[in-house]
J.: 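Below is the structure I would like to discuss, written out as structure tokens.
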Amino acid sequence: MRENGFRAVGGLAQRLASGLAKGRGASVARLRAEWSAIVGPDLARITRPEALTASRGTRSSKGGGKLLRLRVPGAAALEVQHMAGQVVERVNAYFGHKMIDDIRLVQGAISARAATPPRPAPDARRVAEMTERAASVKDPELRAALARLGARIGMGRRQAVLGVLAGAFAVREVRAQDLKLLEPLEGDHVLGKRDAPNTLIDYASFTCPFCAQFYIAVMPTLRKEWIDSGKLRLIHRHFPMDVVATRASQLAECAGPQKFFERVDLLFRSQVEWLTGSDPLAEMVKVLAKEGLTDDQAQACFANDKALDKVLADVQSGQTLGVRQTPTLFINDQNYLNPGGPEAIAAILRQVGR
């Protein structure tokens, strides 16, 4: 019954706003605006439509739909992944046709909608000018409305110009900071030759399934073909999305520079084991006990300000660089988000490599 309701509402909405759904950007805008009605308030609180891309027909050999990219907080990624089929059904039912084939999750914080600031009143001189221009209109209500509208439009144009100018200066300032942060920083963990010609910076969260996939499926090829040959250096930076990921980052830091990447690799390869337990933090310590970590050492690490400071410094650098999801990969100063498998990264390196 509920599905039929979604389909009926979706069909009506589509007829009333058929022009809105044309084009990829408009479709995403509509999904965002109506997301709570599409998937329900509970899912809407922990997901946000990011983009629609061409689908390869992963759920149907006939294809015909698109791939919907959803942003989710790290703690909710596994839950939402299990509901992927339900999300696809609700979207398609709402619009009354096969709009998407599948979803892809990108991990990142979902900020609350900012309240719209009150619009400032037009200045008296502009109001008087527009009132004079509208004086020939006989209907007093229409005349007053036209005068108010003209004053608003004039003011809006001025604010838009000022906004563009301010934005241009802001972009320049951020870019200047970016250049400093895209080089190895003090305390950075570097895998490979420190003077390698190519640099890959990975901002990752230990509770992010896509970050684990990067280390399990992509890193072996990168190490063999690019890092071990001296052509690429990889810098790992922490960008935890929740408390458990923060604790994991601290434990990785406490392994020390020589064993840092070994511990990172172990944490990612055993992610499902410790993250799906009733007490992920306790299960994580159990996994690391295999390499000699004791409970006392874990607690001492959690109280270690130096380890936590390094994690916070990485988060701050990521925020300055505009990181909003994990993994986010910077390759030779360019942000490629999560480009995919080793072939995709190798293609990027061949294109922008030094």
Side-chain angles (χ1 to χ4, degrees), residues 73-75 107-111 173-192 194-195 199-208 210-212 214-215 219 233-271 274-275 279-289 291-330 333 335:
Q107 189 170 226
I110 298 178
S111 57
E173 183 179 357
V174 170
R175 286 179 179 171
Q177 295 173 357
D178 288 355
L179 294 177
K180 299 177 183 178
L181 297 174
L182 292 171
E183 293 293 328
L185 304 175
E186 183 179 358
D188 267 342
H189 298 282
V190 181
L191 184 64
R194 296 192 73 90
D195 61 348
T199 302
L200 187 156
I201 301 177
D202 174 26
Y203 280 90
S205 172
F206 281 104
T207 53
C208 161
F210 306 108
C211 301
F214 173 79
Y215 266 84
M219 274 291 286
R233 60 185 178 187
L234 180 140
I235 300 173
H236 178 102
R237 289 181 185 166
H238 306 285
F239 205 81
M241 291 294 183
D242 50 56
V243 174
V244 175
T246 302
R247 293 304 196 195
S249 292
Q250 289 177 271
L251 290 172
E253 284 297 319
C254 290
Q258 300 303 319
K259 294 187 176 181
F260 175 81
F261 282 100
E262 291 181 23
R263 183 163 290 184
V264 167
D265 186 73
L266 176 58
L267 284 169
F268 276 129
R269 288 184 179 278
S270 60
Q271 184 190 78
W274 54 262
L275 188 57
D279 186 345
L281 190 55
E283 295 299 323
M284 184 195 310
V285 174
K286 286 182 183 179
V287 168
L288 296 181
E291 64 169 22
L293 181 74
T294 66
D295 287 338
D296 289 342
Q297 289 173 332
Q299 295 305 318
C301 179
F302 297 150
N304 186 328
D305 289 341
K306 184 177 180 181
L308 183 58
D309 287 345
K310 174 61 171 71
V311 177
L312 295 177
D314 284 355
V315 172
Q316 290 172 352
S317 70
Q319 289 173 337
T320 302
L321 289 168
V323 174
R324 297 183 60 192
Q325 65 187 52
T326 57
T328 291
L329 305 184
F330 290 87
D333 302 342
N335 184 348

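No hydrogens, no waters, no symmetry mates; every other heavy atom, side chains included, goes into these values. These numbers were taken from a predicted model, which means no experiment stands behind them.
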J.: Just by distance, do the side chain of Gln297 and the backbone of Thr294 share a donor-acceptor pair under 3.5 Å?
T.: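 Flag set: sc Gln297 to bb Thr294 pair under 3.5 Å.
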J.: Any side-chain heavy atom of Thr199 sitting closer than 4.5 Å to one from Ile201?
T.: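 Counting from C-beta outward, Thr199 and Ile201 do come under 4.5 Å.
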J.: Taking side chain as C-beta onward, heavy atoms only, is Pro184 less than 4.5 Å from Ile235?
T.: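 The answer is yes; the side chains approach within 4.5 Å.
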J.: Do Met284 and Val244 touch side chain to side chain, with heavy atoms closer than 4.5 Å?
T.: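 They are in contact (side-chain heavy atoms under 4.5 Å apart), so the answer is yes.
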J.: Does Glu283 reach the main-chain N or O of Leu275 with its side chain, forming a donor-acceptor pair under 3.5 Å?
T.: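 It does not hold such a pair.
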J.: Determine, stepwise, if the pair Leu266 / Glu291 fulfils side-chain contact (heavy atoms from CB on, under 4.5 Å).
T.: CA-CA 10 Å; Leu266 176 58; Glu291 64 169 22; 3.8 Å; yes
J.: Pair Gln319, Phe239 - check side-chain contact (heavy atoms from CB on, under 4.5 Å), show working.
T.: CA-CA 9 Å; Gln319 289 173 337; Phe239 205 81; 4.2 Å; yes
J.: Could you tell me whether Arg237 and Asp202 have a side-chain N and a carboxylate O separated by less than 4.0 Å?
T.: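 Result for this pair is no, no salt bridge flagged.
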J.: In the structure I gave you, are the side-chain heavy atoms of Leu267 and Leu288 within less than 4.5 Å of one another anywhere?
T.: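 Leu267 reaches Leu288 side chain to side chain.
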J.: Under 3.5 Å, is there a donor-acceptor pair between the side chain of Gln107 and the main chain of Cys211?
T.: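 Here the side-chain-to-backbone pair does not exist.
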J.: Sub-3.5 Å donor-acceptor pair from the side chain of Asn304 to the main-chain atoms of Lys306, do we have one?
T.: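 A pair under 3.5 Å: yes.
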J.: Go through it in stages, so that I can follow the logic: the residues are Asp188 and Lys310, the test is side-chain contact (heavy atoms from CB on, under 4.5 Å), and I'd like the CA-CA distance, side-chain angles, deciding distance and then a yes or no.
T.: CA-CA 9 Å; Asp188 267 342; Lys310 174 61 171 71; 3.9 Å; yes
J.: Please name the pair of heavy atoms, one in Phe206 and one in Trp274, separated by the smallest distance, quoted to 0.1 Å.
T.: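 Shortest heavy-atom contact: O-CH2, 3.5 Å.
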J.: Atom OG of Ser249 and atom CG of Asp314: how far apart are they, to the nearest 0.5 Å?
T.: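 Interatomic distance, Ser249 OG to Asp314 CG, rounded to 0.5 Å: 8.0 Å.
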J.: Do we get Arg247 above Phe302's six-membered ring, with its NZ or CZ under 6.0 Å from the centre and within 45° of the axis?
T.: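 Judged by the rule (NZ or CZ under 6.0 Å from the ring centre, within 45° of its axis), Arg247 counts as positioned above Phe302.
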J.: Can you confirm whether Leu181 sits close enough to Phe330 that some side-chain heavy atom of one is under 4.5 Å from a side-chain heavy atom of the other?
T.: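 SC-SC contact between Leu181 and Phe330 ruled out.
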J.: List the steps, then state whether side-chain contact (heavy atoms from CB on, under 4.5 Å) holds for Leu234 with Met219.
T.: CA-CA 10 Å; Leu234 180 140; Met219 274 291 286; 3.6 Å; yes
J.: Does this structure show an ion pair linking Glu262 with Arg269, if we count only N-O contacts that are shorter than 4.0 Å?
T.: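 Between Arg269 and Glu262 there is no salt bridge, as every charged N stays at least 4.0 Å from the carboxylate O atoms.
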J.: If you count every heavy atom of other residues, nucleotides or ligands that lies below 6.0 Å from Asp295 atom CG, does the total exceed 12?
T.: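 Open.
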J.: Taking all atoms of both residues into account, what is the closest heavy-atom pair of Phe268 and Ala204, and its distance?
T.: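 Shortest heavy-atom separation between Phe268 and Ala204 comes out as CZ-CB, 4.2 Å.
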J.: Do the side chain of Arg324 and the main chain of Gly108 share a donor and acceptor less than 3.5 angstrom apart?
T.: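 No; zero donor-acceptor contacts below 3.5 Å.
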J.: A side-chain contact here means heavy atoms from C-beta on lying under 4.5 Å apart; do Arg263 and Leu293 qualify?
T.: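 Result yes, sub-4.5 Å side-chain heavy-atom pair found.
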J.: With distance as the sole criterion, is a donor-acceptor pair present between the side chains of His238 and Glu253 under 3.5 Å?
T.: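 Judged by distance alone, the side chains do pair up.
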J.: Compare all side-chain heavy atoms of Leu321 with those of Leu182 and state whether any distance is below 4.5 angstrom.
T.: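 Heavy-atom side-chain distance check passes, below 4.5 Å.
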J.: Would you give the length of the straight line joining atom CG of Leu251 to atom SG of Cys301, rounded to the nearest 0.5 angstrom?
T.: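 Leu251 atom CG to Cys301 atom SG measures 4.5 Å (nearest 0.5 Å).
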J.: Centroid separation under 6.0 Å, is that true for the rings of Tyr203 and His236?
T.: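 Ring-ring flag for His236/Tyr203: false, centres at least 6.0 Å apart.
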J.: Just how far is it from atom OG1 of Thr326 to atom CE of Met241, taken to the nearest 0.5 Å?
T.: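 Between Thr326 OG1 and Met241 CE, I get 4.5 Å after rounding to 0.5 Å.
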J.: When you compare the side chain of Thr207 with that of Pro240, does any pair of heavy atoms fall below 4.5 Å?
T.: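 Answer no - side chains too far apart.
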